[in-house]
Trainee: 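Right, I'll just put the structure down here and ask away after.
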Amino acid sequence: MAYQIVLELHFSHCAAVGAALLMLIENALITQSRLMLLESVLIFFNLLAVLSYLKFFNCQKQSPFSLSWWFWLTLTGVACSCAVGIKYMGVFTYMLMLVVAAVHAWHLIGDQTLSNGGLARITQGQPLEVAFGSQVTLRSVFGKPVPCWLHSHQNTYPMIYENGRGSSHQQQVTCYPFKDVNNWWIVKDPRRHQLVVSSPLRPVRHGDMVQLVHGMTARSLNTHDVAAPMSPHSQEVSCYIDYNISMPAQNLWRLEIVNRRSDTEVWKTILSEVRFVHVNTSSVLKLSGAHLPDWGFRQLEIVGEKLSRGYHESTVWNVEEHRYGTSQEQREREWELNSPVQVDASRNLSFMARFSELQWRMLVLRSDDSEHKYSSSPLEWVTLDTNIAYWLHPRTSAQIHLLGNIVIWVSGSLALAIYMLLFLWYLLRRRRNVHDLPQDAWLRWVLVGALCAGGWAVNYLPFFLMEKTLFLYHYLPALTFQILLLPVVLQHISDHLCRSQLQRSVFSALVVAWYSSACHVSNTLRPLTYGDKSLSPEELKALRWKDSWDILIRKH
C-alpha cells in the first residue's frame with residue numbers, strides 16, 4: 001500500500017520501496033496489526049482511499065469517464081465509507097480527501113436536535129426516566145475484562161478467608177458477566193417503605209439519596225468498614241442481613257450523574273452514567289476486576305473505594321434494562337422480575353431517524369476527567385513517552401507492548417518539520433519570482449504535503465479538542481502519514497538539494513546508516529513486539545529506554 005501511494009505521487013522506485021520497508025520495521029504498527037485491532041483496519045482503508053483517489057486523479061487527466069475512472073472514483077468512496085464505519089476517526093481522512101478533491105475541482109473549473117422517536121430507539125422502548133420504585137439492571141461502564149452487571153445471590157461471604165481474615169458473613173455482591181434475574185435491583189426511596197412506582201412518578205435526580213434493594217432477596221446494598229475479600233485496602237460490599245449483632249445497616253447511597261449538564265438532571269436509562277457514593281463512609285461503588293474464589297463462583301469483586309476527584313470507568317454504571325415496578329409483594333415481584341422486559345415496538349420510526357439519533361448520541365455523550373493506567377496525552381505520543389502493555393504470559397516474562405520504533409518515530413517528526421520549512425522557503429522565494437523547482441516538481445511537492453502532512457494533521461490535531469480517554473494507538477493513523485512523508489523528503493533532498501555527486505554519495509551513506517539503526521532498534525524491541533521470547537529482569541530493564549515506559553517485571 002505504501003509502495004503504491006508514493007509511486008502514484010511520481011517519486012522514484014527507491015522512495016516507494018523505502019516507505020513500504022519503513023512500515024515493516026515500525027514495531028507499533030506490527031503489534032497493532034498482529035492483534036487485529038481496529039486501528040490497523042482503519043489505516044488500511046485510509047491508505048486505500050488515498051491510493052484510489054490518486055488513481056482517479058490520474059484517470060481524470062488521461063481518460064475521464066472511462067471504466068477505470070469510474071472504478072477508482074467508486075473505490076475512493078467505498079474506502080472512505082469503510083474508514084468512517086470502522087471508527088469515527090476515519091472521518092478525518094474523509095474530510096481531507098474532500099478538501100483535496102475540492103481544490104482539484106476548482107482548478108478543473110478554472111481550466112474550464114434530538115427527536116423523541118430516536119430517543120425511544122436508544123432506550124429500546126423502555127421508560128426513559130428512572131423513578132423511585134424503578135426496577136433496573138446496572139451495567140459497569142468499564143466493561144473489562146468482560147461486560148458485567150451488578151449482581152447478588154443468596155450465598156454469603158465466608159466467615160473466615162483462606163488467609164485467616166474475617167468477613168461480615170453478609171450476602172455476596174458481585175459483578176456477573178451474564179444476563180440473570182439476580183441482576184435486578186429496585187431503586188427505593190429511603191423515606192418510604194414501598195417498592196413500587198407511585199403515581200405521579202417521582203424521578204430520581206442527581207444528588208438524591210437512594211437505597212438499592214436486591215429484587216430477588218429484598219436485601220439492601222450495603223458497605224461498611226470491613227475489608228473486601230480480594231482487595232483488603234477497599235471496603236466489602238454486601239447485601240445487608242440482620243444478624244441481631246452490633247453491625248447496623250449502612251445502606252444509604254447518594255446518586256451522582258457523571259455526565260450531567262445540570263445539578264438537577266434526572267437519572268435516565270442508558271444515557272446517564274452514574275456513581276453511587278456511600279453516605280456513611282464516602283466510598284464509591286466500584287468494580288475491582290478481581291476474580292473471587294470458588295466460594296464466589298469466580299465472579300468479579302465489587303468494593304467500596306474512597307471517593308476521589310478523578311473519573312474512572314470502574315466506578316461508573318448505567319441502567320441497561322428498566323421497568324416501573326408494580327408488585328409490592330415478594331412473590332409477585334419475583335414473578336415480575338422473571339418475566340421479560342416489554343419493549344415498546346409500536347412506534348413507526350424510519351431507519352434514518354433511528355440511525356441519525358444513535359450517531360448523534362454517540363458523538364455527544366462524553367465522560368468527564370478520565371484516567372487510566374495507560375492513558376496519555378497527544379503531546380506524549382509525539383515524543384513516545386508512553387506505551388501500552390497488551391499481554392503478559394501467565395508463567396513467564398514474555399509480553400507484548402504497543403511500543404514504537406524510536407528511530408522511525410523521531411525521523412517521522414523530523415521529516416514533517418523539514419517538509420514544512422522547505423515548503424515555506426520555496427513559497428517565499430516563488431513570491432519573489434525565484435523558482436527553485438520546475439512547475440511539475442512544485443505541484444507534486446504541494447500534493448504530497450496536502451496528502452501526507454495534511455493526513456498527519458487531520459488525524460492528530462483534533463485529539464487536542466477531545467474530552468475523552470486517549471491512548472497511544474490513537475496516534476497510529478497520523479504516524480502512518482508521517483512514514484509516507486519520510487522517504488519522499490529523503491528523495492527530495494537527494495534529487496534537489498544535493499548539488500554534487502559527492503554530496504549525494506555522503507547523503508546516501510547517511511541514509512544507509514540511519515536505516516540500519518532503525519532495523520537494529522526494531523530487532524531489539526522484537527521480544528516486546530511479538531511476545532515470543534521470555535526475557536530476564538535485567539534484559540527487560542535494559543529495554544526500558546524511558547522512565548515513563550511501563551515494562552512488566554515479575555517479582556519471584
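Note that the structure is predicted; figures quoted are calculated from it, not measured.
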Trainee: Could you pull out all residues at least two apart from Lys87 that satisfy salt bridge (Lys or Arg N to Asp or Glu O under 4.0 Å)?
Mentor: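 Lys87: salt bridge (Lys or Arg N to Asp or Glu O under 4.0 Å) contacts with Glu39.
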Trainee: For Asn387 and Asp550, indicate whether the former's side chain and the latter's backbone hold a donor-acceptor pair under 3.5 Å.
Mentor: yes
Trainee: We want to know whether His151 and Asn182 form a side-chain donor-acceptor pair, criterion being a heavy-atom distance below 3.5 angstrom.
Mentor: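 Side chains of His151 and Asn182: no pair found under 3.5 Å.
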Trainee: With no hydrogens and no angle check, is any side-chain donor or acceptor of Ser536 less than 3.5 Å from a backbone partner on Glu539?
Mentor: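 Yes, Ser536 side chain to Glu539 backbone: donor-acceptor pair under 3.5 Å.
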Trainee: What's the spacing between Ser140 OG and Trp317 CH2 if we round to 0.5 Å?
Mentor: 5.0 Å
Trainee: To the nearest 0.5 Å, how far apart are CG in Leu486 and CG in Leu416?
Mentor: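 One finds 10.5 Å between CG of Leu486 and CG of Leu416.
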Trainee: Could you tell me which non-hydrogen atom of His169 sits nearest to which non-hydrogen atom of Pro158, and how far apart they are?
Mentor: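 So the two residues come closest at ND1-C, 4.2 Å.
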Trainee: Quick one: side-chain contact (heavy atoms from CB on, under 4.5 Å) partners of Ser522, sequence neighbours excluded?
Mentor: Ile25, Asn27, Asn405
Trainee: Which class fits the ring pair Trp267 and Phe276: parallel under 30°, tilted 30 to 60°, perpendicular over 60°?
Mentor: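 Rings of Trp267 and Phe276: perpendicular, as their planes differ by over 60°.
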Trainee: Are the side chain of Asn259 and the backbone N or O of Leu271 linked by a donor-acceptor pair below 3.5 Å?
Mentor: yes
Trainee: Once the angle between the rings of Tyr475 and Trp409 is folded into 0 to 90°, is it parallel (under 30°), tilted (30 to 60°) or perpendicular (over 60°)?
Mentor: tilted
Trainee: Would you say the side-chain atoms of Thr156 and Gln170 include a donor-acceptor pair closer than 3.5 Å?
Mentor: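 Checked: Thr156/Gln170 side chains show no N/O donor-acceptor pair below 3.5 Å.
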Trainee: Filter on salt bridge (charged side-chain N to carboxylate O under 4.0 Å, His left out), then keep only pairs touching residues 521-531, sequence neighbours left out; what's left?
Mentor: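 Of all non-adjacent pairs touching residues 521-531, those that pass salt bridge (charged side-chain N to carboxylate O under 4.0 Å, His left out) are Arg526-Asp532.
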Trainee: What disulfide bond (SG atoms under 2.5 Å apart) pairs are there with at least one residue in residues 153-183, not counting sequence neighbours?
Mentor: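 Sorted result for residues 153-183: Cys148-Cys175.
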Trainee: Could you report the tightest heavy-atom contact between Ile257 and Val274, atom names first, then the distance?
Mentor: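 Taking Ile257 first and Val274 second, the nearest heavy atoms are CG1-CG1, 4.1 Å.
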Trainee: I want to check something: taking the side chain as every heavy atom from C-beta on, are Pro477 and Phe92 in contact at a cut-off of under 4.5 Å?
Mentor: no
Trainee: Can you tell me how the ring of Phe471 sits relative to the ring of Tyr473, calling it parallel under 30°, perpendicular over 60° and tilted otherwise?
Mentor: parallel
Trainee: Restricting to non-hydrogen atoms, name the atom on Cys452 and the atom on Leu485 that form the minimum distance, rounded to 0.1 Å.
Mentor: CB-CB, 3.8 Å
Trainee: Which is it for Thr137 and Val319 under the side chain to side chain contact (heavy atoms under 4.5 Å, CB included) test, yes or no, and what are the steps along the way?
Mentor: CA-CA 6 Å; Thr137 62; Val319 172; 5.7 Å; no
Trainee: Can any side-chain N or O of Ser40 pair as donor or acceptor with the backbone N or O of Gln32 at less than 3.5 Å?
Mentor: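 Indeed, once roles are kept as given, a pair shorter than 3.5 Å links the two residues.
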Trainee: Check whether any side-chain heavy atom of Thr281 sits under 4.5 Å from a side-chain heavy atom of Gln235, and report yes or no.
Mentor: yes
Trainee: If you round to the nearest 0.5 Å, how far is OG of Ser167 from CD of Glu236?
Mentor: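 OG of Ser167 is found 5.5 Å from CD of Glu236.
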Trainee: Do the side chain of Thr396 and the main chain of His393 share a donor and acceptor less than 3.5 angstrom apart?
Mentor: no
Trainee: Give a yes or no answer on whether the side chain of Trp545 reaches the backbone of Ala542 with a donor-acceptor pair at less than 3.5 Å.
Mentor: yes
Trainee: Could you pull out the closest heavy-atom pair between Ile270 and Asn318, with the gap in Å?
Mentor: O-ND2, 3.5 Å
Trainee: Considering only heavy atoms from C-beta outward, does the side chain of Arg275 approach that of Val258 to under 4.5 Å?
Mentor: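 Yes, their side chains come closer than 4.5 Å.
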Trainee: Does the pair Leu479 and Glu26 meet the rule for a side chain to side chain contact (heavy atoms under 4.5 Å, CB included), with working shown?
Mentor: CA-CA 10 Å; Leu479 175 69; Glu26 175 40 61; 4.1 Å; yes
Trainee: Does the Arg544 side chain pair with the main chain of Trp549, one donor and one acceptor, at a distance under 3.5 Å?
Mentor: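 A pair under 3.5 Å: yes.
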Trainee: Going by the rule side-chain contact (heavy atoms from CB on, under 4.5 Å), which residues pair with Phe178 if we only count those two or more places apart in sequence or in a different chain?
Mentor: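 Tyr176.
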Trainee: Any side-chain heavy atom of Leu150 sitting closer than 4.5 Å to one from Leu285?
Mentor: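 They are in contact (side-chain heavy atoms under 4.5 Å apart), so the answer is yes.
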Trainee: Using the test side chain to side chain donor-acceptor pair (under 3.5 Å), find all partners of Gln172 that sit at least two apart in sequence or belong to another chain.
Mentor: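 Only His153 meet the side chain to side chain donor-acceptor pair (under 3.5 Å) criterion with Gln172.
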Trainee: Could you work out, with side chain to side chain donor-acceptor pair (under 3.5 Å) as the rule, every residue matching Thr174, not counting sequence neighbours?
Mentor: Gln299
Trainee: With rounding to the nearest 0.5 angstrom, report the NZ to CG distance, Lys546 to Leu403.
Mentor: 10.0 Å
Trainee: Would a distance-only check, ignoring hydrogens and angles, find a side-chain to backbone donor-acceptor pair under 3.5 Å from Gln126 to His322?
Mentor: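 Side chain of Gln126 to backbone of His322, a donor-acceptor pair under 3.5 Å: yes, one is there.
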Trainee: On a heavy-atom basis, which atom in Leu42 and which in Ala83 lie closest, and how many Å separate them?
Mentor: CD1-O, 3.5 Å
Trainee: Could you tell me whether the side chain of Leu35 reaches within less than 4.5 Å of the side chain of Trp391, counting heavy atoms only?
Mentor: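 Trp391 does not reach Leu35 side chain to side chain.
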Trainee: Using the side chain to side chain donor-acceptor pair (under 3.5 Å) criterion, which residues pair with His214? Sequence neighbours excluded.
Mentor: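 For His214, the residues satisfying side chain to side chain donor-acceptor pair (under 3.5 Å) (neighbours in sequence not counted) are Thr217.
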Trainee: Tell me every residue that passes side-chain contact (heavy atoms from CB on, under 4.5 Å) with Leu510, counting only those two or more places apart in sequence or in another chain.
Mentor: Val506
Trainee: Going by side chain to side chain donor-acceptor pair (under 3.5 Å), name the residues that satisfy it together with Ser534, two or more places apart in sequence or in a different chain.
Mentor: Ser397
Trainee: Applying side chain to side chain contact (heavy atoms under 4.5 Å, CB included) to Ser152 and Trp185, what does each step give before you reach the verdict?
Mentor: CA-CA 9 Å; Ser152 186; Trp185 298 82; 3.9 Å; yes
Trainee: Quick one: does any side-chain atom of Tyr419 pair with a main-chain N or O of Gly449 as donor and acceptor, under 3.5 Å?
Mentor: yes
Trainee: To the nearest 0.5 Å, tell me how far Ile43 CD1 sits from Phe481 CZ.
Mentor: 9.0 Å
Trainee: Just how far is it from atom CE of Met97 to atom CG of Leu451, taken to the nearest 0.5 Å?
Mentor: 6.0 Å
Trainee: Are the side chains of Tyr390 and Ile388 in touch, meaning some heavy atoms are under 4.5 Å apart?
Mentor: yes
Trainee: Taking only residues at least two apart or on different chains, which pairs with a member in residues 396-405 satisfy salt bridge (charged side-chain N to carboxylate O under 4.0 Å, His left out)?
Mentor: none
Trainee: Kindly indicate whether the side chain of Leu543, heavy atoms from C-beta on, has any atom under 4.5 Å from the side chain of Leu528.
Mentor: yes
Trainee: In plain terms, say whether Glu265 and Arg260 are close enough for a salt bridge, that is, a side-chain N and a carboxylate O under 4.0 Å apart.
Mentor: no
Trainee: If only atom types and distance count, is the side chain of Lys306 paired as donor or acceptor with the main-chain N or O of Val284 below 3.5 Å?
Mentor: no
Trainee: Relative to each other, are the rings of Tyr157 and Trp295 parallel, tilted or perpendicular (30° and 60° limits)?
Mentor: perpendicular
Trainee: Going through the distances and angles, do Glu301 and Ser288 end up as a side chain to side chain donor-acceptor pair (under 3.5 Å)?
Mentor: CA-CA 6 Å; Glu301 181 190 45; Ser288 76; 2.7 Å; yes
Trainee: Checking Asn163 now: which residues fulfil side-chain contact (heavy atoms from CB on, under 4.5 Å) with it, not counting sequence neighbours?
Mentor: Tyr161, Arg165
Trainee: Is the shortest side-chain heavy-atom distance between Leu292 and Leu300 below 4.5 Å?
Mentor: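 Heavy-atom side-chain distance check fails, nothing below 4.5 Å.
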Trainee: For the pair Lys179 and Glu320, find out whether any cationic side-chain nitrogen is under 4.0 Å from an anionic carboxylate oxygen.
Mentor: yes
Trainee: Please report the closest heavy-atom contact between Ile551 and His401, naming both atoms and the distance.
Mentor: CA-CE1, 4.0 Å
